[in-house]
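Heavy-atom basis, side chains included; hydrogens, waters and symmetry copies ignored. In what follows, chains are A, B, ... by sequence order, proteins preceding strands, each numbered from 1.
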Amino acid sequence: MTNQELADTFERIANLLDIKGEIVYKTLAYRRVAENLRVFPEDINTVFKENRLAEVPGVGKAISEKITELLETGQLGFLERLKEEVPLSLIDLLQVPDVGPRKAALFWKQAGVTNLAELDTAARAGKLRALPGMGEKSEARILSGLEALGRRSKRMLLGTAWPIARRWLDWLRQQPGVQRAEAAGSLRRWRSTIGDLDLVAASDHPAEVMDAFIHHPEVMRVLGQGENKSSIELSSGLKLQLWVQPPQRFGTLWVYATGSKDHNVRIRELAQKKGLSLSEQALVDGQGEETLYDSEEKVYAALGFPWIPPELREDRGEVQAAKAGQLPELLELSDIRAELHAHSTWSDGVETIEGMAQAARGRGYKVLAITDHSGGLGIANGLSVERLCQQKDAIQLAQEKMGDSIRLLNGTEVDIMADGSIYYPDEVLAELDIVIASLHASLRQPRQVITARLLKAIHNPHVDIIGHPSGRLLPDREGADLDWEAVLAGAKESGVALEINADPVRLDLDEVYARRAAEMGIVMSIATDAHSIESLEHMEYGVAVARRAWCGPGSVLNAWPAEKLVGWLKKRGYSGEDIRNLTTKDTKNTKIS
DNA sequence: GCCGTTTTCGGCCCGACTGTTTTCAGTCG
């Protein structure tokens, strides 16, 4: 069983116990352990064998025994008995908006509903309105919730969400009385995928802002409306939530709405230990006296520690680190000086080499690697050895036109074949400045096979970077079933860099493994895999993954000064000339016009 | 069910909003 499967099992147990009516703190314990398992960077089977289960946060005696039973037998008697008590299909009801464990239990016990279809039938037949605590409005809400479930899109990509959010924020900032409007929630924490869009605003006239919000022309349905909080649904099925407070309360509001929920719980616990109570409105002392904060910095300072960057607010140790004065120095977008993975019209890109070079220079980069696809499976107009040789001349020509303003690296994104061999022969790879090796096909090989395949590439001395290591596609296609412990250990041993692919559909290496890699001292390359000028802009999403992985600029190859980057490449077989003049001119954040 | 420089037992974040209710339960973030 994998960490994810184990987490799913405990999540299921938590839901069933909730419906059964178990005390919430017990179900909370199962939920917490599920979440912790999802982000635990080591294979739980290894942890189990080494008798270290207690190292997983939230694992105590009872859950430790359940993990043991699950890993040894693949089954769990406790869950089997639970399933006999509470139908498993009841869990589906919890997806319906406004249906939680108590309503699910009510519909089941008093209306005989055990699944979504039966809930729909019962609601249409008007059988729900008669139940205790229900009425016509509640029944109607269930029905529209069921409809919404049908058109609800999956979690949205971060790269899709941000442009929409920016448009709404621009609109909000133009509304009368709005002094400030910002993104919050998982969007502001830059999670890879986003559920609803959360926005916050500061205004002395919240009611007017709310009124404008729910009457925005794109609103299809108003899900809730109040003085401080409203939520709407667009015709696309996307939900937006807006919180509004007066400016002097904006700090506590923004902390609250940014979350994560677990982070909020953690800092509120700390407030409690100081005899204080923290909410989105204010910090309240024992006498009920409010203190208001207009900035997040002041809220955190009042709790006794420095401001925590939103990307870290996941209750993964950031509060403890902040208290100890040990928050990491995080990578910034402005630290990025090179693009090490880009395509051109030579393979499946839509821009010429020169066009990409000019765009990269325009972003202030000192180095651009042209890494078109290799041949192999006939994908993406991949380059034969012959065309690869011709491309070298074309890159040289573009370099001459660009002068010393940016260094072009003659590279490749070469295919790792199904047997782990590299598409180009060693003598061809040796001629290149930079070699990215990527998995593109046969991603469904069994774990042992695909891990060995990737390790073979990792240990090829000509390979500098492993591109999008897992091959996952968000939000649905899982990556390869890799033995990450072995992959990371192999990368550490060989000195190869792992890519954090910044394409919003990839964001691969995942933040969990990126954090582990950084801890192990493995170097990473954040790269957009750009196929056009526009996609060079995706760099910010890759940087966000690194930040969520607690990475500083030291771990990131393309945040290094050009001299250091070239030094690293040279050790790995860089065949190009030195980067003349660039190193002396290379100052951080300098844009070349 | 977990957890502990205020606890090995008694806690476990906090408030907005909705609908069904005459004071509250449920859901949500």
Side-chain angles (χ1 to χ4, degrees), chain A residues 10 13-14 17-19 21-34 36 53-54 56-67 78 93-107 128-142 144-145 184-189 194-200 206 210 214 222-231 239-245 249 252-253 255-284 290 303 313 315 319 323:
Chain A
F10 285 120
I13 290 172
L17 288 176
D18 251 345
I19 295 170
E22 189 58 82
I23 58 163
V24 289
Y25 295 113
K26 189 182 281 193
T27 63
L28 189 64
Y30 282 105
R31 259 180 236 293
R32 280 206 172 132
V33 96
N36 290 331
L53 281 182
V56 182
V59 173
K61 184 167 176 291
I63 292 183
S64 179
E65 285 170 1
K66 291 187 174 70
I67 294 178
F78 175 75
L93 266 53
L94 303 177
Q95 297 169 47
V96 182
D98 301 318
V99 177
R102 315 222 86 81
K103 292 260 177 71
L106 178 74
F107 300 155
L128 299 183
R129 64 184 70 176
L131 300 175
M134 293 288 293
E136 281 186 42
K137 279 190 178 176
S138 298
E139 191 178 68
R141 268 181 99 91
I142 302 288
S144 66
S186 50
L187 184 69
R188 183 173 178 232
R189 302 198 312 279
I194 306 295
D196 306 340
L197 290 191
D198 297 320
L199 309 174
V200 292
M210 286 307 183
I214 63 164
V222 178
L223 300 167
Q225 178 196 1
E227 238 180 283
N228 301 105
K229 176 187 169 186
S230 293
S231 58
K239 290 182 196 165
L240 282 82
Q241 295 186 93
L242 174 66
W243 287 268
V244 185
Q245 289 284 347
R249 296 183 192 267
T252 41
L253 171 66
V255 169
Y256 158 77
T258 298
S260 66
K261 188 173 172 167
D262 291 337
H263 175 85
N264 286 352
V265 168
R266 187 70 64 197
I267 61 175
R268 284 170 171 183
E269 279 172 0
L270 279 181
Q272 236 189 4
K273 284 181 183 157
K274 290 172 183 278
L276 305 165
S277 171
L278 176 68
S279 76
E280 59 266 48
Q281 304 247 8
L283 194 61
V284 182
E290 279 192 333
L303 296 175
R313 299 184 198 171
D315 190 27
V319 174
K323 276 170 72 181

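Looking at heavy-atom distances under 4.0 Å, A:Arg266 makes no contact with the nucleic acid at all. Residue A:Tyr256 is in base contact, counting any heavy-atom pair closer than 4.0 Å across all strands shown. No contact: A:Asn264 has no heavy atom under 4.0 Å from any strand. A:Pro101 comes within 4.0 angstrom of the backbone, heavy atoms only, and of no base. Using a 4.0 Å heavy-atom distance criterion, A:Glu136 is classed as a sugar-phosphate-only contact.
With distances taken from any side-chain atom of A:Gln281 to the nucleotides B:dC13, B:dG1, B:dG15, the minimum falls on B:dG15. With B:dC13, B:dC17, B:dG29 as the choices, the nucleotide that has an atom nearest any side-chain atom of A:Tyr25 turns out to be B:dC13. In this structure, of B:dC2, B:dG15, B:dG19, it is B:dG19 that holds the atom nearest to the side chain of A:Arg141. Distances from the side chain of A:Gln225 to the nucleotides B:dT18, B:dG15, B:dG1 place B:dT18 closest. When distances are taken from the side chain of A:Glu269 to each of B:dC2, B:dG15, B:dC13, the shortest belongs to B:dC13. For A:Asn228, whose side chain is taken as the heavy atoms from C-beta onward, the closest listed nucleotide among B:dA16, B:dT6, B:dT20 is B:dA16.
Cation-pi geometry between A:Lys66 and A:Phe10 is not met: the NZ or CZ atom fails to fall both under 6.0 Å from the ring centre and inside 45° of the normal.
Taking 4.0 angstrom as the limit, A:Thr27 places none of its side-chain polar atoms (N or O) nearer than this to OP1 or OP2 of B:dG1. Contact between the side-chain N/O atoms of A:Tyr30 and the OP1/OP2 oxygens of B:dG1 is found at a separation under 4.0 Å. Contact check, A:Gln241 against B:dC17: no side-chain N or O comes under 4.0 Å of OP1 or OP2. Distances shorter than 4.0 Å separate none of the side-chain N or O atoms of A:Arg102 from OP1 or OP2 on B:dA25. Here A:Ser277 reaches the OP1 or OP2 of B:dC14: one of its side-chain N or O atoms lies under 4.0 Å away. In terms of phosphate contacts, A:Lys229 brings no side-chain nitrogen or oxygen within less than 4.0 Å of OP1 or OP2 of B:dA16. A sub-4.0 Å separation between OP1 or OP2 of B:dC28 and a side-chain N or O of A:Lys261 is absent.
Look at the C1' atom in both B:dT6 and B:dG10: the space between them is 14 Å, to the nearest Å. For B:dT5 and B:dG1, the P atoms lie 23 Å apart once the distance is rounded to whole Å. B:dT8 and B:dC12 have their C1' atoms separated by 15 Å, with the value rounded to a whole Å. As rounded to the nearest Å, B:dC24 and B:dT20 have C1' atoms that lie 9 Å from one another. Separation of the C1' atoms belonging to B:dC17 and B:dG11 is 28 Å when rounded to the nearest angstrom. On the P atoms, B:dC3 is 14 Å away from B:dC13, given to the nearest whole Å.
The residue among A:Val265 and A:Val59 whose nearest nucleotide of DNA chain B lies closer to the 5′ end is A:Val59. When each of A:Arg268 and A:Leu131 is assigned the nucleotide of DNA chain B with its nearest heavy atom, A:Arg268 is the one assigned upstream, toward the 5' end.
By the 6.0 Å contact criterion, CD on A:Glu290 is enclosed, its count of non-hydrogen atoms from other residues, nucleotides or ligands being greater than 12.
With a 3.5 Å ceiling on both atom-pair distances, the Watson-Crick or G-U wobble partner of B:dG11 is B:dC2.
The separation between A:Asp18 atom CG and B:dC28 atom P is 11 Å, rounded to whole Å. For the pair A:Lys274 NZ and B:dT5 P, the interatomic distance rounds to 15 Å; values are reported in whole Å. We find that CG of A:Leu278 is positioned 15 Å from C1' of B:dG29, with the value rounded to whole Å. Taking atom CG of residue A:Leu283 and atom C1' of nucleotide B:dC14, one finds them 12 Å apart after rounding to whole Å. Atom-to-atom, NZ of A:Lys26 to P of B:dG11 comes out at 19 Å; the value is rounded to the nearest Å. Taking atom CH2 on A:Trp243 and atom P on B:dC28, their separation rounds to 14 Å, with Å as the unit. The separation between A:Gln272 atom CD and B:dG4 atom P is 16 Å, rounded to whole Å. Across the protein-nucleic acid pair, A:Lys103 atom NZ and B:dC24 atom P stand 18 Å apart, rounded to whole Å.
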Worked verdict on A:Asp18 versus A:Arg31 for salt bridge (Lys or Arg N to Asp or Glu O under 4.0 Å)
CA-CA 11 Å; A:Asp18 251 345; A:Arg31 259 180 236 293; 2.5 Å; yes
Practice prompt. Could you go through the side-chain contact (heavy atoms from CB on, under 4.5 Å) check for A:Thr252 and A:Leu283 one step at a time?
Written response: CA-CA 8 Å; A:Thr252 41; A:Leu283 194 61; 5.5 Å; no
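Residues A:Tyr256 and A:Lys261 bring no donor and acceptor atom of their side chains to less than 3.5 Å of each other. Between A:Ser260 and A:Arg313, the side chains place no donor N or O within less than 3.5 Å of an acceptor N or O (distance only, hydrogens not considered).
Under a 4.0 Å N-O distance rule, the pair A:Arg141/A:Glu136 does not qualify as a salt bridge. The existence of a salt bridge linking A:Glu269 and A:Lys273 is excluded, since no basic side-chain nitrogen approaches an acidic carboxylate oxygen closer than 4.0 Å.
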